[in-house]
Structure formats: C-alpha cells, structure tokens
Amino acid sequence: MKQTKRQLAIMNMLQVEKSCGITDLANKLDVSDETIRRDIKEMAKYGAVEKIHGGVMLPNSALEAPFLRRLEAQRREKQKIAKLAASLIVDGETLMIDNGSTSCYVAKALSLHRDLTIVTNSTEVARDLCARNSNKVFMAGGEIRADDCASYGPTAVNFARQFATERAILSIAAISADQGFLDCDLSEAEFKRAVLPQAASVIVVADHTKFNRPGVVKVCDFSAVDLLLTDQMPPMSIVDKIGRDRIIIA
C-alpha cells in the first residue's frame, strides 16, 4: 500500500493517541469527515488500522483490544466527566486512582495539576502523572495483566492498604438500584474494595451507560460513595438510593 501524506499523518497521530475520532482527524488535517472516512477505509483494507465506531485505532492483539475499546466507548462523555473530576482536585492532594477507563481519562485531565501524590494499580495512570509537575506516583506491584497493563491480585490489594489518601477516584462497570456499585471482574472489584476504606472521600466516575447495567461482582453499597460524577441524571431508582446531593452532572 502506498500511503498519501494525509494517511501518513493519520498514522503518526495514531502512534501517539492510539485511537482518534473522525471529526478530530478532519479538523486537524483540514479536510472533510468524508475524506477521512475514505482514507480509513483504504487503510483498514490493508490492515494498517482498525475501524471503530466514530473513529479509528491501531490494530491490536485480541488481548489488548477489550480495554482499548472500553477507552474509546463514550469517549466524549468520559472526557467531560474527567474534566469535572479534575476541577474538584486541588494541587498537592493525595489520590488513589484505579484502572477503569474513565479513571484513565481523569489522569489525563489532571495533567496541569502540581504536587499530587498518586497511588494506583494502572500503568496508564502512572505514565500520565509521573515525572510531571513534581507529582509523586506509587505504583502497585503484583501480576500485570496483558489486557489493560494494570496490576491485580493479593500483592496489589495489600499495597493499596498501606496508604491513606484524601480521595479515591474509581471507575465502575455497573450501577444497580438494587445492588449498588458492581464490577464485571473479581480482581478489579477486590482492588476497589481495598481502596474504599483508605480514602477520606470516594468519588465514582461513570457515564450513563452504566445505569442499571448488569454486573457480576459487588463492589460496595451506595453509602460507601461520597460523590457520583456522571454525564446524565440517573434513573430515579438510583437517585433515591444515592441522594441527589451526591450526584454531579458534567
């Protein structure tokens, strides 16, 4: 495949961002959305890129794809929620941040904050916040999972229990009016449960697709969470359980 200058530019941006939206590419390259779609279609035909809803990403192995697709799903909503979360944090705070996709966007939104102390099990979060603005980052040990490059298991859980922080910022897979906050993976839920009692304030960041969505493993009841940051008002069955004053809409 002989790539045009524009297609090479798309590849260069993907090397940095890993995934990009159609409109973002069109704006940066000063062409129409349709032109970008034609480029992507041709590039995908030869395996250079992978088309996703509303955008494009670099090809990935079967193990890598699930987490990257979670990062891309509801990307704009997650970025709005992340910006709201960052606005609540002041320089010098101590934070625990997990490896959920929305939490990773929160780390990016904190890029201008200074003197933060971060405890995390996420290499993505650690990479975005370490060696920046005099931040200090503590990374949990244990087994590093291939899918999301995060550490889980007893070592990571025990590591989290050594710290006491001002806030914890957690993503969540599902919010059920009947069962509270849920996850789909036992090891992820165990890490979140270890974090909860170590933080003075717990913030859950979750977009509207998580409302009344099936979950497998219970993380905690509504009473364990101080704030829910989301992009839409939850159903009243959830609002009644968590309380309107503990919900902030981005």
Side-chain angles (χ1 to χ4, degrees), residues 16-19 57 60-61 63-75 78-79 81-86 88-89 93-113 116-133 135-174 181-196 198-199 201-207 210 217 219-220 225 229:
V16 175
E17 298 292 337
K18 308 306 179 188
S19 65
M57 65 188 288
N60 295 281
S61 70
L63 284 175
E64 293 173 322
F67 183 68
L68 291 177
R69 288 193 174 116
R70 293 208 312 268
L71 277 173
E72 190 62 30
Q74 282 75 52
R75 182 176 182 175
K78 290 174 180 177
Q79 288 173 331
I81 294 167
K83 185 177 179 180
L84 171 60
L88 302 178
I89 306 302
E93 281 202 37
T94 57
L95 309 170
M96 283 195 183
I97 305 179
D98 75 337
N99 191 56
S101 58
T102 310
S103 295
C104 290
Y105 281 111
V106 172
K108 295 181 188 301
L110 289 169
S111 62
L112 297 180
H113 282 61
L116 298 175
T117 298
I118 308 294
V119 180
T120 187
N121 67 326
S122 167
T123 58
E124 184 82 12
V125 170
R127 184 184 65 184
D128 281 330
L129 292 173
C130 73
R132 180 195 295 271
N133 300 336
N135 294 332
K136 186 183 297 183
V137 176
F138 294 91
M139 175 73 200
E143 181 183 0
I144 302 294
R145 196 162 62 183
D147 172 23
D148 51 11
C149 294
S151 58
Y152 293 102
T155 302
V157 166
N158 291 333
F159 178 85
R161 288 174 175 158
Q162 297 180 64
F163 294 86
T165 63
E166 293 169 271
R167 302 183 200 253
I169 298 175
L170 304 175
S171 292
I172 207 77
F181 296 95
L182 306 165
D183 224 314
C184 296
D185 182 274
L186 177 60
S187 57
E188 292 186 31
E190 288 175 338
F191 184 82
K192 289 177 172 66
R193 286 198 293 263
V195 164
L196 289 169
Q198 308 306 118
S201 175
V202 176
I203 299 173
V204 166
V205 288
D207 67 80
K210 310 301 171 58
V217 186
V219 175
C220 65
V225 172
L229 308 186

Side chain to side chain contact (heavy atoms under 4.5 Å, CB included) partner of Ile118, the single match among Leu95, Ile169, Asp128:
Leu95
Result for side chain to side chain contact (heavy atoms under 4.5 Å, CB included) between Leu170 and one of Leu196, Val225, Val219 points to Leu196
Looking at [X] and [Y], what are the two nearest heavy atoms and their distance?
X: Ala140; Y: Ser151; value: O-OG, 3.0 Å
X: Ala85; Y: Val106; value: CB-CG2, 4.0 Å
X: Thr123; Y: Cys149; value: OG1-O, 2.5 Å
X: Ala156; Y: Phe191; value: O-CE1, 3.6 Å
X: Ala160; Y: Met96; value: O-CE, 3.1 Å
X: Ser111; Y: Arg132; value: O-CD, 3.2 Å

Name all residues meeting the side chain to side chain donor-acceptor pair (under 3.5 Å) criterion together with [X]; count only those two or more places apart in sequence or in a different chain, and write none if there are none.
X: Asn135; result: none
X: Lys192; result: Asp98, Asp183
X: Glu143; result: none
X: Glu166; result: Thr94

From [X] [atom1] over to [Y] [atom2], what is the distance, rounded to the nearest 0.5 angstrom?
X: Met139; Y: Phe159; atom1: CE; atom2: CZ; value: 8.5 Å
X: Asp148; Y: Ser101; atom1: CG; atom2: OG; value: 10.5 Å
X: Asp207; Y: Ile172; atom1: CG; atom2: CD1; value: 12.5 Å

Could you go through Asp185 and Arg145, starting from their C-alpha distance and side-chain angles, then the distance that decides it, and tell me whether this counts as side chain to side chain contact (heavy atoms under 4.5 Å, CB included)?
CA-CA 12 Å; Asp185 182 274; Arg145 196 162 62 183; 3.3 Å; yes
Closer than 3.5 angstrom, by distance alone: can the side chain of [X] be matched with the main-chain N or O of [Y] as a donor-acceptor pair?
X: Thr120; Y: Ile97; value: yes
X: Arg167; Y: Leu88; value: yes
X: Thr102; Y: Ser171; value: no
X: Thr155; Y: Gly141; value: no
X: Gln198; Y: Arg161; value: yes
X: Asn99; Y: Asn121; value: no

For Tyr152, what residues pass the ring pair (Phe, Tyr, Trp, His ring centres under 6.0 Å) criterion, not counting sequence neighbours?
none
Looking at residues at least two apart in the chain, or sitting in another chain, which of them share a ring pair (Phe, Tyr, Trp, His ring centres under 6.0 Å) with Phe181?
Phe222
Could you go through the side chain to side chain contact (heavy atoms under 4.5 Å, CB included) check for Val217 and Cys184 one step at a time?
CA-CA 6 Å; Val217 186; Cys184 296; over 6 Å; no
Decide yes or no for Ile81 and Gln74: does some side-chain heavy atom of the first lie under 4.5 Å from some side-chain heavy atom of the second?
no
Step by step, work out the side chain to side chain contact (heavy atoms under 4.5 Å, CB included) result for Thr117 and Thr165.
CA-CA 9 Å; Thr117 298; Thr165 63; over 6 Å; no
Carefully, step by step, assess Lys108 and Glu124 under the rule side chain to side chain contact (heavy atoms under 4.5 Å, CB included).
CA-CA 9 Å; Lys108 295 181 188 301; Glu124 184 82 12; 3.5 Å; yes
